[in-house]
Amino acid sequence: AMRHHTGWTRAWRDAQPKKRYDVIIVGAGGHGLATAYYLGKNFGITNVAVLEKGWLGGGNTGRNTTIIRSNYLQDPSAAIYEKSRSLYETMSQDLNYNVMFSPRGVIMLAQTEHEVRGYKRTAHANALQGVQTEFIGPDRVKQLVPIINLDGPRYPVLGGLWQARGGTARHDAVAWGYARACSDMGMDIIQKCEVTGVRQTGGKVTGVSTTRGDIDCDKLGLVVAGHSGQLADMAGFRLPIESVALQALVSEPIKPCMDVVVMANTVHGYMSQSDKGEMVIGGGTDGYNNYTQRGSFHHVEETVRALVETFPMISRLKMLRQWGGIVDVTGDRSPILSKTPVEGIFINAGWGTGGFKAIPGSGWGFAELMAKGQSPLTQAFGLERFAEGRFIDESVAAGVAH
Ligand code: FAD
Ligand code: PYC
């Protein structure tokens, strides 16, 4: 009975804003919290506030389908995504919080000759980068996913890019685990505190205005995913980012039927089975910019159609819930981890549809960038790459959702 559920200690303090902090992070999603955590853990910077307009983890971090993989093409991407994946391996121990990392394996299906070539190329690049992936044939795909229909009415399954140590983790727990660790280090996590303005003098940041008053800081990290354009506007610069809705849905729970994650990028759907038995499903982003957290109806239809043709048995399932998040998409499908035109302001954005997997690696690199002014992990992801035409094209790896 619920009467036993008393006397729980708060995982993190409900802090009141102080007048000043060394560092303010805007956004208590996974990336903001991981940044704060590594500022404290790796650099001893703990006079830090994380400001959140809603509730902690209520943005994309609590809305995503939790796929973790590092099968990207370009060297800087492989470095940060593989660092991230490897940090997931020990995250539960590091935070002493069970984030339920489940390296069950991820397959990206190849359903056209073009995809076969693309994924073979990625597997070769990954071999050179020290990322363990392999291209597998249709028989192995069927062995790993007995419920799959290899023949597909539109596109046959010709093989797939397999990452055996990819998988999933419990999204809320990632946010909660970091939040508890940050609070334990003395940092203030302040919910229901919306940043409404960025204050600066002589081209240098001095603080923020919020719905709970002005707060001063030496350094400011903007880590707000789909709201990055709004925060950049407050700070007086523009970003090459579009905000669009990406949605997901879950079915009623059923007995275990698929113990790997499958992404079918040509037909535009992906699926995994949660520990509760629900099939966790998603597809592509909306085709127009918007700030809704629902997503358009025709995408549900397109996604379900894609998955029914890939896994015919799911045609009998009822769908229970549907929701959306606002994702921040860049032209080259790579993130921005960068200094900005305003001294003391740093931006971590542009993870688009694929940043859950990147939370610990991004936090590690961005904390280093904020603390030291540079980081080998973030160096290639500066804002200047768009002016210089030095793109980090990850459109194949972004896959289904972009
Ligand atoms: P968020 O978690 O969105 O946090 C940003 C926070 O900033 C929010 O809590 C917001 O309230 C706050 N904020 C905004 N404006 C202000 C303000 N003015 N003042 C204060 N706070 C503010 N990635 C994967 O790797 N694998 C997946 O399978 C995957 N699936 C996805 C499925 C869906 C449906 C969606 C929507 C996304 C998916 N993603 C996936 C992408 C992933 O969720 C995001 O890239 C990642 O969660 C971004 O984390 P974040 O911390 O940057 O942003
Ligand atoms: O980045 O792996 C991913 C992903 C899958 C669905 C949405 N994002």
Side-chain angles (χ1 to χ4, degrees), residues 24-35 50-72 81 84-85 88 106 108 163 166-169 171-172 174-175 178 190-198 208-212 222-231 233-234 243-249 261-265 268-272 280-286 291 293-295 299 303 322-329 333 335 347-359 362-363 366 394 397-402:
I24 289 178
I25 302 291
V26 189
H31 288 262
L33 291 163
T35 301
V50 184
L51 309 183
E52 168 55 50
K53 75 170 178 179
W55 69 96
L56 190 151
N60 295 343
T61 299
R63 293 164 184 270
N64 78 95
T65 46
T66 79
I67 299 176
I68 296 168
R69 57 188 172 86
S70 55
N71 53 356
Y72 286 65
Y81 287 107
S84 201
R85 197 206 57 76
Y88 265 113
V106 175
M108 293 173 103
Q163 183 167 26
T168 57
H171 46 12
D172 301 313
V174 172
Y178 279 129
I190 306 167
Q191 300 178 90
K192 294 188 198 153
C193 180
E194 179 170 359
V195 171
T196 53
V198 174
V208 291
S209 304
T210 80
T211 46
R212 295 173 67 173
L222 307 179
V223 199
V224 294
H227 292 90
S228 297
Q230 291 181 350
L231 268 293
D233 193 40
M234 291 178 205
S243 291
V244 286
L246 177 68
Q247 58 184 306
L249 51 155
V261 180
V262 180
M263 299 175 68
N265 298 342
H268 257 151
Y270 62 95
M271 190 165 85
S272 65
V280 180
I281 289 174
T285 46
D286 276 2
Y291 282 102
Q293 288 187 310
R294 296 190 312 176
H299 262 300
T303 302
Q322 175 267 2
W323 65 90
I326 308 156
V327 296
D328 41 335
V329 177
R333 278 44 180 159
I347 183 133
N348 179 339
W351 293 101
T353 62
F356 177 72
K357 66 176 76 66
I359 285 172
S362 150
F366 195 57
E394 289 295 357
V400 58
H402 271 52

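In each ligand, atom 1 is the first atom listed, and ligand 1 is the first ligand listed.
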So for ligand 2, is [X] a polar contact partner (N or O within less than 3.5 Å, distance only)?
| X | answer |
| --- | --- |
| R69 | yes |
| Y72 | no |
| K357 | yes |

Next item on the list: Report yes if the side chains of T303 and H268 come closer than 4.5 Å at any heavy-atom pair, otherwise no.
Entry: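 A side-chain contact under 4.5 Å is absent here.
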Check: Quick one: are V223 and F366 in side-chain contact, heavy atoms under 4.5 Å?
Finding: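 Yes, their side chains come closer than 4.5 Å.
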Looking only at heavy atoms, which two atoms of [X] and [Y] are closest? And how far apart?
| X | Y | result |
| --- | --- | --- |
| H299 | D286 | CD2-OD1, 3.3 Å |
| R69 | A397 | NH2-O, 2.8 Å |
| K357 | I68 | CB-CA, 3.7 Å |

Next item on the list: Assign the ring pair Y72 / Y81 to parallel, tilted or perpendicular, where the plane angle (0 to 90°) is split at 30° and 60°.
Entry: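 It falls in the parallel class, under 30°.
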Notebook entry, point to check: Listing by chain and number, which residues have a heavy atom under 4.0 Å from ligand 1?
Noted result: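 These residues qualify: V26, G27, G29, G30, H31, L51, E52, K53, G59, N60, T61, R63, N64, T65, T66, I67, C193, E194, V195, V223, V224, A225, H227, L231, L246, Q247, A248, Y270, G325, V327, W351, G352, T353, G354, G355, F356, K357.
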I'd like to check which ligand 2 atoms, numbered from 1 as shown, lie under 4.0 Å from a non-hydrogen atom of [X].
| X | result |
| --- | --- |
| G354 | 1 (O) |
| I67 | 2 (O), 5 (C) |
| T353 | 1 (O), 4 (C), 7 (C), 8 (N) |
| M263 | 2 (O), 5 (C) |

Margin query: Quick one, V174 with Y88, criterion side-chain contact (heavy atoms from CB on, under 4.5 Å). Give me CA distance, side-chain angles, the key distance, then yes/no.
Written below: CA-CA 9 Å; V174 172; Y88 265 113; 4.0 Å; yes
Side-chain donor/acceptor of [X] to backbone N/O of [Y], under 3.5 Å:
| X | Y | answer |
| --- | --- | --- |
| S272 | V261 | no |
| E194 | G54 | no |
| S362 | H31 | no |

Next item on the list: Mind checking whether Y270 contacts ligand 2 via backbone (N, CA, C, O), side chain (CB onward), both or neither, at a 4.0 Å heavy-atom cut-off?
Entry: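 The answer is the side chain.
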